[in-house]
Amino acid sequence: MDFINHHLMNTYGRIPVVFDWGRGCMLKDTSGKEYLDCLAGLAVVSAGHANTEVAKAVCAQAEKLVHVSNLYWQEAGIKLAEKLCSMSGGKRFCFFGNSGAEANECAIKLARLWAGEGRFKIICAERSFHGRSLATLAATGQPAKWEGFDPLPSGFVHVPFNDLSAFTEAVDDETAAIMIEVIQGEGGVYPAQPEFLQGLRQLCTERNLALIFDEVQTGMGRTGKWWAFQTYGVEPDIFTTAKALANGLPIGACIASESFAAAFQPGNHGSTFGGGPVVCEAALATIGYLENGGYIKQVTQKSRLLTDGLKDIRHVVEVRGCGLILAAVLDIPLAAQVVEEAFHRGLILNAVTKDAIRFTPPLVISEQQLLKAQEIFRKAIRTVIR
Ligand SMILES: Cc1ncc(COP(=O)(O)O)c(C=O)c1O
C-alpha cells in the first residue's frame, strides 16, 4: 500500500500505518500486526470495530432503500429521532446532519433564529473545540486553529472555561446563547465543575439565553449516562451529538427542546444526506447494542479500574475526565513520545496536550483489555522517561 505517493490533502499528520481489519477493540495493519485500540477512532466506535449488529442493520437497509430526499418521510429517521428524544427526557426534536460540525452549525443557527433580531452573540469557552467549518471554527476557543482563515463569522466570544463570573460578565443585549462542551475533549479532557454548569443553567434561564451543550465527543454513553449532562443533572435547551452515534457511520444530531426547535420553519435549514435511512438504522443498531449489552451501565466500573491503574503508574500525576473519556497527565511534557512508543508496542492512544494522553476506548472493552492497556502504557512510559 503506497501512502508515500498519495493524493490525499495534507490535513492530518498521519502515522505511517495502514489499517485494514478491525474487530471489537482490536485493529490489524496490513503487515498483520495487532493493536489494542484505546482511542476508538477518537471516541467513535463505542460498540467496537466491525460490530456485527450494526453491519447487519446497514446491509439490510442498503438492500431496501439507501436514500430518499428529506422532502419525504422515511421510517428509520422517525424512529431514531424518537429514540434520541426518549433518551434525553422532556419534549425534544432532532435535526440530522453528517458530522459533529454540522450538528453544531445547526445548534448555532437555531439559537440565533430563536433569539430573534439583534441577538446573535454566542459565548463559548477558551480551549473549546466545536468543529472545522467556518462557524464552528469561530466558536472553537483555540486561536491557533483560526490562523489564515479570516474573516471568520463574527459574534463568537470566548471566556475561560469553568469561570461562571466571566460568562456572566460576557452576557449583553446581543447575546443569544452560551455554548460549551460538558467535558472539553480536544482541549485536554477538562470536565466542567458542577457549580459552573448549574450556574450557566440559571444564567441562561434568567437572561433568556439558549444553553447549548456540545456532546459530540461525550455523548452516547461515554460518561456512563447517555449524555454527560445527565451525570450533572443539568438540562440544556439544545445539545448536539455525533461521533459514536452510528458507531463510525457519518451522522450528527442537534436535539432541541420544543420551544427552541419551534424556531425552525421549512427552508431555514437542511442537508441532502442528513439522517438518511442507512445511517439512522446504523445508529438504532448501535444504541440497541450498547443498551442491551449493558455497556453503558459498565462504564463507571471500567472507568474506576482504568483510573486507579493509571494513577498507580510512575510519572502519571493526575487522571482527568469522567467515565471512559480520560486523560493521564504526565509530570514531563513527553506525551507525544509516550503515545508513539505505546503505538510501537501495539496500543493506540492520543496526546491531547504536551503532557496529557487521552484514553477513549470502545465502551465494549473488557476489564482484561483495560489491564493489558495499562501494562503496555506503563512499559511505554518506562522506555521514554528514564
Ligand atoms: C466536542 C466536539 N465538537 C465537535 C467536533 C467536530 O466533529 P466532526 O469532526 O464530526 O465535525 C468534535 C470533533 O472532535 C468534538 O470533539
Side-chain angles (χ1 to χ4, degrees), residues 9 11-14 39-46 95-111 122 124-142 144-146 149 152-153 156 158 161-162 177-192 197 211-223 226-229 231 236 238-255 271 273-275 279 282-283 286 320-327 349-353 356 358-361:
M9 285 197 196
T11 51
Y12 285 88
R14 292 179 211 260
L39 200 57
L42 291 176
V44 171
V45 285
S46 286
F95 174 86
F96 294 120
N98 310 285
S99 64
E102 283 173 78
N104 287 337
E105 285 273 347
C106 175
I108 292 164
K109 284 178 72 177
L110 181 62
I122 318 271
C124 305
E126 290 173 5
R127 219 174 41 200
S128 60
F129 185 80
H130 297 297
R132 300 284 190 165
S133 65
L134 286 173
T136 58
L137 185 60
T140 291
Q142 300 184 36
K145 292 192 165 59
W146 305 335
F149 298 113
L152 289 177
F156 295 90
H158 296 93
F161 189 58
N162 272 330
I178 289 175
M179 176 166 170
I180 61 149
E181 295 158 87
V182 178
I183 299 169
Q184 291 191 321
E186 300 307 301
V189 186
Y190 289 96
L197 278 201
L211 180 59
I212 306 170
F213 288 161
D214 176 344
E215 294 244 17
V216 166
Q217 187 158 160
T218 50
M220 295 301 297
R222 186 146 289 280
T223 62
W226 282 120
W227 318 113
F229 67 76
T231 66
I238 303 171
F239 72 96
T240 57
T241 193
K243 286 179 178 284
L245 179 49
N247 205 45
L249 278 93
I251 181 170
C254 172
I255 301 158
S271 164
F273 295 125
V279 284
T286 304
R320 276 199 301 262
C322 174
L324 288 175
I325 170 167
L326 296 171
L349 298 168
N350 135 280
V352 257
T353 63
R358 176 168 44 180
F359 288 71
T360 51

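In each ligand, atom 1 is the first atom listed, and ligand 1 is the first ligand listed.
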Protein heavy atom at shortest distance from [atom]:
atom	answer
atom 10 (O) of ligand 1	G100 N, 2.8 Å
atom 16 (O) of ligand 1	Q217 NE2, 2.8 Å
atom 3 (N) of ligand 1	D214 OD2, 2.7 Å

Which atoms from ligand 1 have a heavy atom of [X] less than 4.0 Å away?
X	value
N104	3 (N), 4 (C)
V216	2 (C), 3 (N), 4 (C), 5 (C), 7 (O), 12 (C), 15 (C)
S99	10 (O), 11 (O)
E181	1 (C)

> Rounded to the nearest 0.5 Å, how far apart are CD of Q217 and CG of L42?
Replying inline: 7.0 Å

>> With rounding to the nearest 0.5 angstrom, report the CD to OG distance, E105 to S99.
In response: 8.5 Å

Whether [X] side chain and [Y] backbone form a donor-acceptor pair below 3.5 Å:
X	Y	result
R320	V189	yes
N350	G41	no
E215	F239	no

> Who's closest to atom 11 (O) of ligand 1 heavy-atom-wise, of A43, A139, A101, S128?
Replying inline: A101

Is ligand 1 under 4.0 Å from a heavy atom in the side chain of [X], in the backbone, in both, or in neither?
X	answer
L42	neither
H130	backbone
E186	side chain
K243	side chain

> Closest heavy-atom contact between G252 and A103?
Replying inline: C-CB, 4.2 Å

> Between the side chains of S46 and R222, is a donor N or O closer than 3.5 angstrom to an acceptor N or O?
Replying inline: yes

> Any idea how H158 and W146 line up, ring-wise: parallel (<30°), tilted (30 to 60°), or perpendicular (>60°)?
Replying inline: tilted

